[in-house]
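Numbering starts at 1 and runs along the sequence shown. These figures come from a predicted structure and were not determined experimentally.
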Amino acid sequence: MEPRHEIAALTAQLEEANHRYYVLDDPTMPDYEYDRLLRRLEELEAAYPQYASPTSPTQRVGGEALSQFVKYEHPVPLESLQDVFSYEELQDFDERMRAEVLPEYTVEPKVDGLSVALEYIDGQFVRGATRGDGRVGEDVTKNLMTIRSIPMQLPNAPHRLIVRGEVFMPKAVFHQLNEERERNGEALFANPRNAAAGSLRQLDPKIAARRKLDILIFNLQLCEGKEFSSHAETLDYLRTLRFRVIPCALCTDMAQVQEEIGRIGEHREDYAYDIDGAVVKLNDLSQRTRLGSTAKFPRWACAYKYPPEEKPTKLLDIVVQVGRTGVLTPKAVVAPVRLAGTTVTNATLHNQDFISQKDIRIGDTVIIRKAGEIIPEILRVDFDLRPEEAVPYTLPARCPVCGAATARDPEGAALRCTGAQCPAQLARTLQHFVSRDAMDIDGLGSAIVEQLLERDLIHSPADLYDLTFEEIAGLWQKGEKAPQKLLASIAESKNRDLGRLIFALGIRQVGAKAGRILAAHFGRLDKLMEASREELMAIRDIGPGTADSIIEWFSDPNAQDMIRRLKDAGVNFEAQSTVEDHRFEGKTFVLTGALSLFTRDEATAQIESFGGKASSSVSKRTTFVVAGENAGSKLRKANELGIPVLSEEEFLAMLQ
């Protein structure tokens, strides 16, 4: 067979296999055979590049890394939806519809992911972009090509087609990814949506490919040369084009709509993806056109948001953990219960005041929920089910790790271990010292730190810089690369900026931002160590509590000894001037709402890298407010004060 024809035949075979496996969930080709055909296609494309297609199955593993994402203006806006939180609000929506039209509705799960548009020309996938602000997004075509359920070629397609879908990370993949990150000592993703958003915005498509994202198509944006009368009809058409389409129910009245919303809610754990609600839309497309949109939302659709799920379970025990600053944190051990798609076995108890106020006792039946769908918390106790033998719980008077006395923090509700050499504090102090925002020492996950402590190789962060290859070689089962990489990373950390070192020291109330502020103000660590309380309090964002913590920390002989040893090891003690572009000098930014293009820390770092300030509250001195999704009171206050509000895309444009 001629190379051109063999390439075409292999491409068709592999695309069909992808469709069967990822869209229909009906695999017909063994993995070994798929890999064999893919390798053959790679060989042919390398030998005959003139016949290789930019949408070839070989490109799904990720191409070359990008330098940045380019803007993409959506031909058809990707509108957001108005949220409703009760059946009463849903009834109001229905009444508004019935005042204008005789409605028939569609109801579908609201996937908690990242909205994108896919564009096809003559049946070939040519472009994909994030929603952005609905009108302008970012071209993430290369990353979208790694999603196996997105067809690269469409059969019998119109000249131009644009569809809208939701990219998500399957729950099973999310849990696997977090387990892997935990083993590597990396920060965990908060939830699948954040993981999906971060993966889709990787400049290196190979990283996106490893994250195994998926997509569900839920809307036809543009279809040249074809006309449709209903939303359900468009979804049926998209299925014929081999898209993986959102499941959708047709409802003739609001009673059926509520029944379907209830059914979706009851089965939310069964979906392979996270959902945070159900979408209700008018089915008739002409009615949609008649009703139109407001400045923010289409009038013909809404999103019903489920309330946080609450469930009863039994409190089996309360265990106490000791943090790096000596704080004793109680944790509830509960009978396993499924909650918001995961099995919960632990819940936060905060502190003694929280336990006493709610009168929580071991043996109680408690009602728990996930705060923000992430952290399990105890809401209340079912006192009717309290066992007679249950007694009030009090945190221990002595540290459960080292046995030293505990003392109440005079500034708050925290109970602290007073032991200067507490092993639990040391383990967490080390993990904090090497963390990404601190000294960023790669390869020192919690498991390696525990081994260093067990072998009595380390008693202070300063000991890291004395480690030898012979001492650490036995921490890994085989090979020399891991210990060599760790020693190289430790050596590299000596050159970190002073702000990172200050944060790494673990001084109470001194976070990453305060570390950068102190480094910029004093320039050298010895000047910070000599600063008076008044000097410290004169610095922006440094209050009396933080000033006292700094003075107390540097007054400790153990801390002074560690500083001396770090200096002897060659660790940098001077601030490095990182602000070369002063475009934000004198400007104050406030970040609000759910950001999808940055984390809060990333956005803050960008602002400060250009000489600006990131504040947590809106005032007349605020220059800009950067608003993500579901922005609340800060956005309202900005509008009241007439402060310019930026979308994430507008903020990104300022950075670029």
Side-chain angles (χ1 to χ4, degrees), residues 85-86 171 175 178-179 182 188 190-191 262 265-270 274-276 305-419 422 424-425 427-428:
F85 297 93
S86 66
K171 289 186 282 192
H175 293 308
N178 260 354
E179 287 172 3
E182 187 170 23
L188 304 186
N191 51 54
E266 289 173 7
H267 293 277
R268 61 191 301 181
E269 294 183 16
D270 300 332
D274 271 356
I275 66 170
D276 60 351
K305 290 299 190 76
Y306 294 109
E309 191 177 9
E310 301 177 4
K311 283 189 178 178
T313 186
K314 189 170 184 178
L315 177 58
L316 303 176
D317 196 6
I318 296 176
V319 297
V320 179
Q321 298 175 319
V322 184
R324 66 175 178 83
T325 60
V327 172
L328 274 64
T329 303
K331 181 175 69 172
V333 179
V334 299
V337 58
R338 292 288 293 179
L339 191 66
T342 60
T343 299
V344 171
T345 56
N346 298 293
T348 181
L349 288 172
H350 302 292
N351 50 49
Q352 182 65 59
D353 288 353
F354 180 86
I355 295 172
S356 300
Q357 288 165 6
K358 294 185 180 291
D359 191 15
I360 298 170
R361 306 181 185 185
I362 296 172
D364 276 340
T365 296
V366 293
I367 310 302
I368 65 173
R369 76 173 179 191
K370 281 193 174 180
E373 297 288 329
I374 300 171
I375 305 168
E377 66 176 2
I378 291 179
L379 293 177
R380 59 188 179 276
V381 174
D382 188 338
F383 295 108
D384 293 336
L385 298 178
R386 167 166 286 170
E388 293 182 4
E389 66 274 14
V391 296
Y393 180 85
T394 305
L395 283 168
R398 293 198 169 273
C399 173
V401 177
C402 71
T406 59
R408 172 99 177 201
D409 191 332
E411 298 175 5
L415 194 69
R416 295 181 185 276
C417 167
T418 60
C422 180
Q425 293 186 59
R428 288 170 176 78

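- The shortest heavy-atom contact between Ala390 and Arg361 is O-NH1, 3.2 Å.
- In this structure a side-chain-to-backbone donor-acceptor pair under 3.5 Å is missing from Asp364 to Val366.
- To the nearest 0.5 Å, the span separating OG1 on Thr394 from CD1 on Ile355 amounts to 8.5 Å.
- Counting heavy atoms from C-beta outward, Ile362 and Asp317 have side chains that approach closer than 4.5 Å.
- Between Arg416 and Gln425 the shortest side-chain heavy-atom distance does not fall below 4.5 Å.
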(request) Report the C-alpha separation of Val401 and Cys417 in whole Å, then their side-chain angles, then the decisive distance to 0.1 Å, and conclude whether the side-chain contact (heavy atoms from CB on, under 4.5 Å) test is met. (result) CA-CA 9 Å; Val401 177; Cys417 167; over 6 Å; no
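- Shown here for Leu415 and Pro396, the closest heavy-atom pair between the two residues is CD2-O, 3.6 Å.
- Under the 4.5 Å side-chain criterion, counting only non-hydrogen atoms from C-beta, Pro400 is in contact with Leu328.
- The two residues Phe354 and Leu349 have their closest heavy-atom pair at CD2-O, 3.0 Å.
- Distance alone, capped at 3.5 Å, is enough to place a donor-acceptor pair between the Arg398 side chain and the Gly403 backbone.
- Put simply, the side chain of Asn346 does not reach to within 4.5 Å of the side chain of Pro376, judged on heavy atoms.
- Taking CD1 of Ile367 as the reference point, atom NZ of Lys311 lies at 12.0 Å (rounded to 0.5 Å).
- Between Ile360 atom CD1 and Ile378 atom CD1 the span is 4.5 Å, to the nearest 0.5 Å.
- Arg268 CZ to Ile275 CD1: the interatomic distance, rounded to the nearest 0.5 Å, is 5.5 Å.
- Note on Glu269 versus Lys171: no salt bridge recorded, every NZ/NE/NH1/NH2 to OD/OE distance being 4.0 Å or above.
- Taking CG from Asp359 and CZ from Phe383, the interatomic distance works out to 5.0 Å, rounded to the nearest 0.5 Å.
- Under the 3.5 Å distance criterion, the side-chain polar atoms of Lys358 are matched with a main-chain donor or acceptor of Leu379.
- In terms of modelled atom types and a separation under 3.5 Å, the side chain of Thr406 and the main chain of Ala397 share a donor-acceptor contact.
- Between the OG1 atom of Thr313 and the CZ atom of Arg338 there is a distance of 13.5 Å, given to the nearest 0.5 Å.
- At a threshold of 4.5 Å between non-hydrogen side-chain atoms, the residues Asp382 and Pro312 do not count as touching.
- Atom NZ of Lys314 has 12 or fewer heavy atoms from other residues, nucleotides or ligands within 6.0 Å.
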